4 protein chains.
Amino acid sequence: MSTPGTPTAKPSAKAAARAQAQRERILVAAQQCFVVHGFHAASMANIAETAGMSAGLIYRYFKGKNDIILAIIERQLEEARADVAKLHSSSDLVGGIAEVFQQWQANDPSITSAALFLELTAEATRDPEIAAATHASDKVFRADLASWFARSAAEGGLGVPKEQVATRVLILQSLIEGLAMRAISQPDLTVEQVKDALSQFLPSLLTAEA
Amino acid sequence: MSTPGTPTAKPSAKAAARAQAQRERILVAAQQCFVVHGFHAASMANIAETAGMSAGLIYRYFKGKNDIILAIIERQLEEARADVAKLHSSSDLVGGIAEVFQQWQANDPSITSAALFLELTAEATRDPEIAAATHASDKVFRADLASWFARSAAEGGLGVPKEQVATRVLILQSLIEGLAMRAISQPDLTVEQVKDALSQFLPSLLTAEA
Amino acid sequence: MSTPGTPTAKPSAKAAARAQAQRERILVAAQQCFVVHGFHAASMANIAETAGMSAGLIYRYFKGKNDIILAIIERQLEEARADVAKLHSSSDLVGGIAEVFQQWQANDPSITSAALFLELTAEATRDPEIAAATHASDKVFRADLASWFARSAAEGGLGVPKEQVATRVLILQSLIEGLAMRAISQPDLTVEQVKDALSQFLPSLLTAEA
Amino acid sequence: MSTPGTPTAKPSAKAAARAQAQRERILVAAQQCFVVHGFHAASMANIAETAGMSAGLIYRYFKGKNDIILAIIERQLEEARADVAKLHSSSDLVGGIAEVFQQWQANDPSITSAALFLELTAEATRDPEIAAATHASDKVFRADLASWFARSAAEGGLGVPKEQVATRVLILQSLIEGLAMRAISQPDLTVEQVKDALSQFLPSLLTAEA
DNA sequence: AATGAATGAGGTTTCATTCAT
DNA sequence: GATGAATGAAACCTCATTCAT
């Protein structure tokens, strides 16, 4: 079936690359549409137009709308993990979180929108597939955070006592996710206020002492 | 039929009362449907059936689906304020929040569902009317909390220094709302863990000292 | 919920009657469309137009296209049984079958079209629901025929020996159904030819002797 | 002979042979798909995959889906004629028909599926091209049978009186085609029952006497 | 006041067919 | 010759909303 005389490896590799690029194009468009219209209000036609292709073509790359949502959750996990990694390295947790807050408030498309994050979590309540993906994603994310808390300072961690790790991760994560809601519900909240608040209460979470 | 010749005043008052009751019936049904199916997936037929009335009748009391959503936001404000009042009176903030968390996790219909809360907040990003209602509601709620923090202990408050109030309200509210997401994304989180965490970190928020 | 002062029985009976009438209207239109275009080629829009209603309304009375097909199979069974009953009473089997053949050939809409019958049977090969309905329907029909063969002449039957019944029913049914195909594939076949052929070979099927 | 630079005659002959082989490959795949899914439900992509080629390539050999169906009817004619020839030679008509019945019931892919046969006949009701092909095919088939009936026993025929031929062909063909429907609608019918029935009623069709 | 039948727009999805490579 | 990505039309179905009764 392959053209005789040419190695099959190269064309198929090229095709796979193109397919991957198309998937990416669709996901970017979908994320944008979901942010603007919401999961259910965003139509496939909408996504297709944003991606600059016909609606039917999307089904060559995704099984359906739900499949797109699932893929977006995975994207989100990767982004979130990258963000966490950035927080570690910067060792300026307050500044890092404040920046994320600011991006949420500005609806910065370079990170996952706060609204999308909320809607996605709500949807996990109803769609079992989304629930599974969300829970798995969340578990990995928590493990990342926990490992950072538990590692010794010499290894770039915080050296938090083991029996304290889960508790502090819980508080930190709640605080961050709560700020996602604040970014939406309290639009006149300034980054400075957030920084002030975090400066005051984060330190007690990050000390090595019990 | 009503007695002929009677003035219209009394019947109309009665009618108004009935209208209010009908609205309430619809809202209760709608809230239930929204929790189960989400805003967009919940159909008017669904709501009508849950309310035990015909679909057409709903349009006598609400202009449309959006109108119902708006009304539900108002309901939520009232409920949230009532919850805050309960927290004050009990003076056991940790226990109170933990209880709310538990209800969220169990999807207890006696309080606003966590999923509905999230979806509603997300929707505020898109619908200006909902945004306005949400922001107004949030403002009142924050004012309630702030007043409680600011009031002296003698008056049933916490006696927090005025310049500290906004900061602490921000942290507390973020924490609580973050727990709404935890209730969904981390289903194996126990109330005990939440209580432990809160017991450790809430006190510093509630002291009268700077 | 019902209008006070009026008995609920009458309106609901009326509603049920109307619903039944609508179902009938849809089934007639569907059968017509299926005959003209075939099962899959006939669109819901097509059926709706033929029935003189909007496409969406059909879904109030039928769960989907498959549901309509299933209902049509049941209709067919009833018609077929009625036809068999006619054959008994007339005691002119040859003339009766010849008439059916003529109606098949003329695509007489008053009986099930031969083409629809064939397509439906073919579909039973693929759709389990249709298979179940078809097999059940066929069983009942065969039992009707068998009972006629087995009953004594005094009771309006043929008095065929019991051990011969199944065999003869098989031959008769094959012959009749084969004529459905002849009506389509051999359009210049005349009723007279059919009558001649049946006159010659049916008698041996219908005698009481072995 | 084949010196380089020769005219295009031989290569084009080769090309034609290849084209014929490709058409055959497609037809085999199509028939298989039609049996499994039906005419309309079988997709071109499906056929292409079964044939082990790309969807686009099919259009080099066939004008479209309808063109394939037409070609399949012709195939069927050839197969059916071959089957008839087999029946003659075996001179065991009962056994031959019973075997065909068994293959129909088992959906044996080596002969035309009963379901495909039915669907195809039904389609003839609607598509004039298919009708023409079917009728022509049927005519040839009947002529084959008639010639067998009419030929003298010495010539390997049955020696049936000329004025009886058409009648008996009609009955025989109806019976056989009716068994195609029985194979589908009466799945618990056994080959033995069919053989018994045929043994009893076929002889009268095959005698040389009037 | 109340019903629920009816509509029409719009949603997701499939698929025959074309065409650049 | 061969591929398979791409399109566009059309399919089935759902639902907010209206309106005669």
Side-chain angles (χ1 to χ4, degrees), chain A residues 1-4 6 8 11-12 14-15 18-19 22 40-48 52-68, chain B residues 15 18-19 22 40-49 52-68, chain C residues 1-4 6 8 11-12 14-15 18-19 22 40-48 52-68, chain D residues 15 18-19 22 40-49 52-68:
Chain A
M1 256 33 65
S2 58
T3 317
T6 52
T8 50
S12 96
K14 217 171 186 172
R18 173 165 187 81
Q22 290 284 65
H40 295 91
S43 71
M44 292 299 275
N46 225 310
I47 296 173
M53 62 177 64
S54 73
L57 187 53
I58 295 181
Y59 290 84
R60 179 174 289 274
Y61 301 102
F62 291 93
K63 231 186 78 185
K65 209 180 177 184
N66 245 297
D67 210 32
I68 297 179
Chain B
R18 174 166 180 79
Q22 291 282 61
H40 295 90
S43 71
M44 291 298 272
N46 223 310
I47 296 173
E49 196 191 15
M53 64 176 63
S54 75
L57 188 52
I58 294 182
Y59 288 84
R60 183 172 290 274
Y61 300 103
F62 292 93
K63 225 186 86 183
K65 210 178 174 186
N66 246 302
D67 212 32
I68 297 180
Chain C
M1 251 39 63
S2 56
T3 318
T6 52
T8 50
S12 95
K14 217 171 186 172
R18 173 165 187 82
Q22 291 283 65
H40 295 91
S43 71
M44 292 300 274
N46 224 309
I47 297 173
M53 61 178 64
S54 74
L57 186 54
I58 295 181
Y59 292 85
R60 180 174 288 273
Y61 301 101
F62 291 93
K63 231 186 81 185
K65 208 181 177 183
N66 246 298
D67 211 32
I68 297 180
Chain D
R18 174 167 181 77
Q22 290 282 63
H40 295 90
S43 71
M44 291 299 272
N46 224 308
I47 296 172
E49 196 191 14
M53 63 176 62
S54 74
L57 188 52
I58 294 181
Y59 288 83
R60 183 171 290 274
Y61 301 103
F62 291 93
K63 229 187 84 184
K65 212 181 176 184
N66 247 302
D67 213 31
I68 297 180

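In the text below, chain A, chain B and the rest are named by the order of the sequence lines, each starting its count at 1. Quick caveat, the model's predicted, so the values are computed rather than measured. Values reported hereafter were calculated over all heavy atoms of this structure, with side chains retained and with hydrogens, waters and symmetry mates removed.
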Between [atom2] of [N] and [atom1] of [X], the distance in whole Å:
| X | N | atom1 | atom2 | result |
| --- | --- | --- | --- | --- |
| D/Glu49 | F/dT3 | CD | C1' | 15 Å |
| C/His40 | F/dC12 | NE2 | C1' | 12 Å |
| C/Met53 | E/dG8 | CE | C1' | 15 Å |

- Reckon C/Ala42 touches a base, only the sugar-phosphate, or nothing at all at heavy-atom distances under 4.0 Å? sugar-phosphate
Under the side-chain contact (heavy atoms from CB on, under 4.5 Å) rule, collect the residues that match up with [X], sequence neighbours excluded.
| X | result |
| --- | --- |
| A/Ala41 | A/His37, B/His40 |
| A/Ser54 | A/Leu57 |
| D/Ala48 | D/Ala55, D/Ile58 |

- Task: Please work out the stems of DNA chain E from pairs that are Watson-Crick or G-U wobble with both distances under 3.5 Å, keeping only runs of three or more consecutive pairs.
- Result: E:2-21 with F:2-21
- Between B/Phe62 and B/Ile68, which heavy-atom pair has the shortest distance, and what is it? CG-CG1, 3.7 Å
- Phosphate-side-chain proximity, D/Gln22 and F/dG1, N/O vs OP1/OP2 below 4.0 Å: no
- Query: Is B/Ser54 near enough to E/dG4 that one of its side-chain N or O atoms lies under 4.0 angstrom from OP1 or OP2?
  - Reply: no
- Task: Under the side chain to side chain contact (heavy atoms under 4.5 Å, CB included) rule, what do D/Gln22 and D/Arg60 come out as? Steps first, then yes or no, please.
- Result: CA-CA 10 Å; D/Gln22 290 282 63; D/Arg60 183 171 290 274; over 6 Å; no
- Message: Just verifying a value: how many Å separate B/Asp67 CG and B/Lys65 NZ, rounded to the nearest 0.5 Å?
- Response: 13.5 Å
- Within residues 57-68 of chain B, the residues having a heavy atom closer than 4.0 Å to DNA chain F are B/Tyr59, B/Gly64, B/Lys65
- Message: Heavy-atom nearest nucleotide on DNA chain E for D/Ser43 versus C/Ala55: which residue maps closer to 5'?
- Response: C/Ala55
- Nearest-nucleotide comparison on DNA chain E, the residue closer to the 5′ end among A/Met44 and C/Gly56: C/Gly56
- Picking from F/dA6, E/dT13, E/dA16, the nucleotide nearest the side-chain atoms of A/Arg18 would be F/dA6
